[in-house]
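I have placed the structure first, in the form of structure tokens, so that the comments after it can refer back to it.
Chain identifiers are assigned alphabetically (A, B, ...) following the order of the sequence lines, protein sequences preceding nucleic acid strands; residue numbering begins at 1 within each chain. Keep in mind that this is a model prediction, so the values were computed, not measured.
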2 protein chains.
Amino acid sequence: MVRMPETRPYHHGDLRTALLTAAERTLREKGTASLSLRELAREVGVSHAAPGRHFKDKQALLNALALTGFERLARVLAAAEDPALPLEPRLTALARAYLGFAIDNAELLELMYARKHEPDASEQMAVAVEQTIGSLDRILADAQRRGEIIEGDPEQLNLVTGATLHGVADFISAGWLTPEAALAGVDGLVHVLLHGLKPR
Amino acid sequence: MVRMPETRPYHHGDLRTALLTAAERTLREKGTASLSLRELAREVGVSHAAPGRHFKDKQALLNALALTGFERLARVLAAAEDPALPLEPRLTALARAYLGFAIDNAELLELMYARKHEPDASEQMAVAVEQTIGSLDRILADAQRRGEIIEGDPEQLNLVTGATLHGVADFISAGWLTPEAALAGVDGLVHVLLHGLKPR
DNA sequence: ACCTGAACACCGTTCAAGT
DNA sequence: ACCTGAACACCGTTCAAGT
């Protein structure tokens with residue numbers, strides 16, 4: 001093995017990864033608004049034009065960041081899912097995991113939901129989104145198969161449930177709901193979702 | 001009356017309003033990303049530093065824009081509300097109105113929900129938000145008083161309902177749901193909200 | 001009171017040139 | 001193949017000076 005000199009080598013090695021890592025730290029510490037390619041380049045110790053080799057433009061970096069976000073969220077949700085549990089606690093666990101992710105990654109989640117990356121569609125992104133939604137899909141499909149929830153278009157049921165969870169997550173991001181209040185209300189939230197607002 | 005010269009007068013007259021109007025058009029036509037104070041100034045025919053007299057900084061203009069958004073949304077919701085209607089159609093009408101606003105004002109709605117304007121709190125904004133939420137509040141409070149929906153913390157019920165509506169609106173903004181699909185699903189959405197996912 | 005013009009410190013993106 | 005340096009066309013914000 002050859003000893004590397006103390007000075008930074010001409011080639012970074014894994015600039016792409018380094019940029020994404022730095023970007024996510026900035027996102028978390030200073031918000032989306034103060035995420036600049038030039039500053040990222042500075043942090044990583046590379047010229048301001050270097051990121052251009054790895055990301056076509058700023059949006060491409062944001063897309064890549066969103067992709068890692070979906071991949072991580074999908075893993076978090078899959079891990080929280082326990083098919084052995086009865087419907088209500090199973091759904092509650094999923095909701096708790098999602099809200100936890102939203103609390104810990106508010107800015108990233110906002111990026112993931114940004115109405116920006118429709119045209120590219122990037123196969124990978126579609127897969128990651130699919131996997132993210134998958135956990136909820138399975139819970140509702142299982143429940144429907146067992147007759148534990150009403151019949152009807154699974155898409156529609158999925159939409160209602162997903163929208164409710166996402167709505168709460170967004171309320172947290174927007175600062176209209178404290179993380180504590182959100183987590184404290186999860187049980188009630190899922191209960192209403194399952195049993196409805198009308199009395200039984 | 002003195003005839004005004006053909007050349008633009010030194011004082012604009014109502015620069016503040018003109019900037020907000022131009023800003024909303026840009027928002028609708030080209031998106032939040034391409035909203036620049038300098039371009040706004042150009043469109044309105046004023047020097048690039050002029051907006052600074054009326055808005056402390058760019059965020060202040062965005063806040064003012066969000067405020068007008070809430071005021072308009074509050075009016076739309078209040079107009080759609082019909083206390084004479086039974087609970088389910090009354091709630092459906094509100095949902096339809098909110099989703100309609102979301103469809104027609106996607107970028108503006110995103111701005112309204114942006115997790116930016118927490119510190120200022122600006123009395124006016126708080127009032128506008130309050131009035132926006134008011135319509136839903138009244139529907140649920142009335143229903144609860146009549147025993148048409150379950151007892152419990154109104155805040156919590158409001159949260160679930162509001163989150164669901166907002167979640168769907170955000171799905172539309174994000175492009176994950178077409179406006180047509182959303183509007184077609186409103187009845188089912190409200191029905192699930194009232195009756196729950198579990199069979200009765 | 002309201003606006004201008006110049007100045008400052010930033011951006012993102014491109015492209016010849018270097019290693 | 002990967003990166004640099006200079007250049008270009010933008011930004012937001014500030015501030016003396018003009019009307």
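- A:Q131 is linked by a side chain to side chain donor-acceptor pair (under 3.5 Å) to nothing, counting only residues two or more places apart in sequence or in another chain.
- Atom pair B:L15:CG and C:dT4:P shows a separation of 8 Å (rounding to whole Å applied).
- Distance A:R42 CZ to C:dC10 C1': 8 Å, rounded to the nearest Å.
- For the pair A:K58 NZ and C:dG12 P, the computed distance is 5 Å after rounding to whole Å.
- B:Q144 meets the side chain to side chain contact (heavy atoms under 4.5 Å, CB included) test with B:I149, B:P154, B:L157; sequence neighbours excluded.
- Between A:R53 and A:H48, the residue anchored nearer the 5' end of DNA chain D, judged by the nucleotide with its closest heavy atom, is A:R53.
- Rounded to whole Å, atom P of C:dG5 lies 13 Å from atom CZ of B:R38.
- Projected onto DNA chain C by closest heavy-atom contact, A:G52 and A:E39 fall at different nucleotides, the more 5' of which corresponds to A:E39.
- Summarising the geometry, the separation between CG on A:L37 and C1' on C:dT13 is reported as 9 Å, rounded to the nearest angstrom.
- Closest contact between the side chain of A:A49 and the listed nucleotides C:dC15, D:dT13, C:dT13 involves C:dC15.
- Rounded to a whole Å, the NZ atom of A:K56 is 14 Å from the C1' atom of C:dT14.
- Residues A:K198 and B:E148 are not paired through a salt bridge, judged by the lack of any N-O separation under 4.0 Å between the basic side chain and the carboxylate.
- Looking at heavy-atom distances under 4.0 Å, A:H54 makes contact with sugar-phosphate atoms alone, never a base.
- A straight line from CG of A:D14 to P of D:dA1 spans 18 Å, rounded to a whole angstrom.
- Closest to the side chain of B:A50, out of D:dC3, C:dG12, C:dT4, is C:dT4.
- Salt-bridge formation is not detected for the pair A:R28/A:E107: no Lys NZ or Arg NE/NH1/NH2 atom is positioned less than 4.0 Å from an Asp or Glu carboxylate oxygen.
- Taking only side-chain nitrogens and oxygens, A:S36 comes nearer than 4.0 Å to OP1 or OP2 of C:dG12.
- Using a cut-off of 4.0 Å between Lys/Arg side-chain N and Asp/Glu carboxylate O, B:R38 and B:E43 are scored as not salt-bridged.
- Computed from coordinates, the B:R16 CZ to C:dC3 P distance equals 13 Å when rounded to whole Å.
- A salt bridge between A:D187 and A:R96 is present, with a side-chain N of the basic residue lying under 4.0 Å from a carboxylate O of the acidic one.
- Pair assignment for C:dA16: D:dT4, on the basis of Watson-Crick or G-U wobble contacts that are both within less than 3.5 Å.
- The aromatic rings of B:W176 and A:F70 lie tilted to each other, with the angle between the two planes from 30° to 60°.
- Within the shown strands, nothing qualifies as a pairing partner of C:dC10 under the Watson-Crick or G-U definition with both distances less than 3.5 Å.
- For DNA chain C, none of the residues of residues 23-31 of chain B falls under the heavy-atom distance limit of 4.0 Å.
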